[in-house]
Amino acid sequence: MVAGGTEASGGGDVGLRRRGCTYQKYDFLPEESFQSWGNYVKALSQTPGRFKDRVFTRSLDSTELVEVKAQSQNEMKKTLNWWDLIWFGIGAVIGAGIFVLTGLEAREHAGPAVVLSYVVSGVSALLSVFCYTEFAVEIPVAGGSFAYLRVELGDFMAFIAAGNILLEYVIGGAAVARSWTSYFTTLCNHDSNDFRIVADGFKEDYKYLDPIAVVVIIGICFLAVLSTKGSSRLNYIASIVHVIVILFIIIAGLTKADTKNYENFAPFGPRGVFQASAVLFFAYVGFDAVSTMAEETKNPGKDIPIGLVGSMVITTFVYCLLAVTLCLMQPFGDIDKHAPFSVAFEAVGMGWAKYIVAAGALKGMTSVLLVGAVGQARYLTHIARTHMVPPWFAQVDGKTGTPVNATVTMLAATAVIAFFTSLDVLANLLSISTLFIFSLVAIALLVRRYYVSGVTTQANRNKFIACLVLIIGSSIATSVYWSKTDKWTAYVVTAPLWFWVLWGFGYLSHKQGTLHFGGCHWCRVWTVIILVYYFFFGLHASYDTAKDSLAKRLEAGTNLKLKKADAAEVYAPSAARDSGLDGKSGSNTSAHPAS
């Protein structure tokens, strides 16, 4: 068992190079709890105690940076700089969403003021970026939010968050892949289902089989496992093409601008602006994938802030320009909800431009798939390093420096779902869990700043918890109140409460010195599935791994003390002889004080 565990963590078989998706006996369940049925039954009987340990035990920065990373056998290659991260950020965020969501929200909720909605949602996204940036600089590992939550909120909360965000990546990737096929057929002057295989025996939502989506995902998989730097270069080139397409849309569209379309700027009032911003926030999702590349960044302290913040600022500026262009080309009531830019160009006599719009969307989706593939594999890699899932997924290829096993597994799941499932079903499966993850990361950052185990007093800890409960509670109450009524009365209470809580956090810092979204049902089902897995497998594997790691640290500390003691024993007599302080010399010295 010990030898197998060593092999799994890269310590055994020195000099053995493991390539591709190979596996060995102990790659999946090498832990003590799974070496026999007796061990497993004993582990299950200890589930309550182990669960309590995992809930309340927080990881350390040094553990994530050294011990956990070592589980991958080989290190990821540090090949990225801030320039790469900016383009990865742009590629991850600016996809097909901008070409659809803008028209929908401009027509239904905001009118020409949709540009303000993009500003509001962009500022909100930027605040989340700041949280991720601070964590990524201090804990530059591949785990992203999983590693951050493990350090500050414990294993269990990190596992629940990571399981849901991996589901989002798989479902989102499948949806983008099927959209890729639809836009490709547009370029070829065909209907969206013309290139799909119809399986008459299947249900309506699952009978249009999409081989093109599978081929695209296979191509993305090949690029992602070949080289992170190579993926960066391809994304860089593709993003330049995308920028050229966007510039064409803006310049060509503004030549057909009519300022009369801006006369009724905010037809739905401030409420419409904020309602649209809630939906448009999803046009910014994807930046978290960039934070998972911190481990492959040459200078995290410099490159990550510039890359993440820079890409978000550029993205917000581009989104605002596109929104202004669209609303100047057409009255907001005439904007098409499904293909706003294509229809707008047709309305002004430039129907041929729809092919350029389709090409731009196609490129955007390719970048989203590529960056998503890189990000989701690194999430799974770091989860596997903690043995919450089999350590086989944590292996990094010695030649390419990429997590091949994790990449192939995640994209295989994405391809299967994309092959069978219609876009409507996939869209309904995308849920609010991504926003939940962002909120958890923000809470974790507050914990990191204002609570230190063994340092923070019990009184200050209780004050911190009270402030945290108040700010979360007031935020939820404000959101519910906003969704139910147009009155402003409750804000007189919640707004001052926010400021009071912020002052409370400032006081603690001084004292311490340190909607409705479809698919929520399926999100709950998935959470139940990963909970079952966690209590039967992940909990016991991660518990054994954590205890083994602790035992090794204690053994290393004991050995260090013994070595120091041996050194002291060797040093003491020689030092005494040199100084004349050994027993014999001491008596001679005392007998001749004058000399």
Side-chain angles (χ1 to χ4, degrees), residues 90-91 93-119 176 178-195 212 237-267 276 279-280 283 314-368 423:
I90 293 173
V93 176
I94 303 181
I98 179 64
F99 297 107
V100 178
L101 293 177
T102 306
L104 177 64
E105 296 308 310
R107 177 165 179 161
E108 300 291 334
H109 297 119
V114 70
V115 63
L116 299 182
S117 301
Y118 269 118
V119 172
V176 173
R178 287 190 74 97
S179 295
W180 199 100
T181 301
S182 298
Y183 275 92
F184 179 72
T185 56
T186 299
L187 282 176
C188 298
N189 278 323
H190 281 267
D191 183 72
S192 59
N193 286 327
D194 285 353
F195 292 169
I212 293 180
I237 295 171
S239 294
I240 290 178
V241 174
H242 198 191
V243 168
I244 293 173
V245 171
I246 289 174
L247 287 176
F248 166 80
I249 293 173
I250 293 171
I251 295 172
L254 290 178
T255 61
K256 303 293 183 179
D258 186 353
T259 55
K260 291 181 180 179
N261 295 332
Y262 252 53
E263 290 179 353
N264 189 9
F265 181 70
V279 176
L280 294 176
I314 293 172
T315 298
T316 302
F317 182 68
V318 169
Y319 280 179
C320 290
L321 283 178
L322 286 169
V324 169
T325 301
L326 178 64
C327 293
L328 284 174
M329 291 176 68
Q330 271 191 308
F332 74 90
D334 296 337
I335 294 175
D336 185 81
K337 293 188 293 184
H338 303 290
F341 286 94
S342 297
V343 173
F345 276 112
E346 286 183 335
V348 296
M350 298 175 64
W352 52 269
K354 70 178 182 180
Y355 298 108
I356 298 179
V357 174
L362 205 62
K363 181 268 128 203
M365 287 183 285
T366 303
S367 292
V368 169
L423 189 59

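Side chains are part of it too, since the values below use all heavy atoms of this structure and drop only hydrogens, waters and symmetry mates. Worth saying up front: this structure is predicted, and the values here are computed from it rather than measured.
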Can you tell me if CZ on Phe265 sees more than 12 non-hydrogen neighbours from other groups inside 6.0 Å? yes
Just verifying a value: how many Å separate Ile244 CD1 and Lys363 NZ, rounded to the nearest 0.5 Å? 11.0 Å
Out of curiosity, Leu321 CG to Ile249 CD1, how far, rounded to the nearest 0.5 Å? 12.0 Å
Of all heavy-atom pairs linking Ala276 and His109, the shortest is CB-CB, 4.1 Å
Which atom names give the shortest non-hydrogen contact between Gln330 and Ile335, and what distance separates them? OE1-CA, 3.7 Å
Measure across Asn261 and Pro112 and return the closest heavy-atom pair with its distance rounded to 0.1 Å. O-CG, 3.6 Å
If I take atom CD1 from residue Ile356 and atom CZ from residue Phe248, how far apart are they, to the nearest 0.5 angstrom? 3.5 Å
Over all atoms of both residues, closest heavy-atom pair of Val114 and Thr102: CG2-O, 4.3 Å
Working for side-chain contact (heavy atoms from CB on, under 4.5 Å), residues Phe345 and Met329: CA-CA 8 Å; Phe345 276 112; Met329 291 176 68; 3.8 Å; yes
Please report the shortest heavy-atom distance between Tyr319 and Val93, naming the atom on each side. OH-O, 3.2 Å
Over all atoms of both residues, closest heavy-atom pair of Gly111 and Cys327: O-SG, 4.1 Å
Could you grab the distance from atom OG1 of Thr325 to atom NZ of Lys256, nearest 0.5 Å is fine? 14.5 Å
In Å and rounded to the nearest 0.5 Å, what is the NE2 to CG distance from His242 to Leu247? 10.5 Å
Spacing of CG belonging to Leu322 relative to CD1 belonging to Ile250, to within rounding of 0.5 Å: 4.5 Å
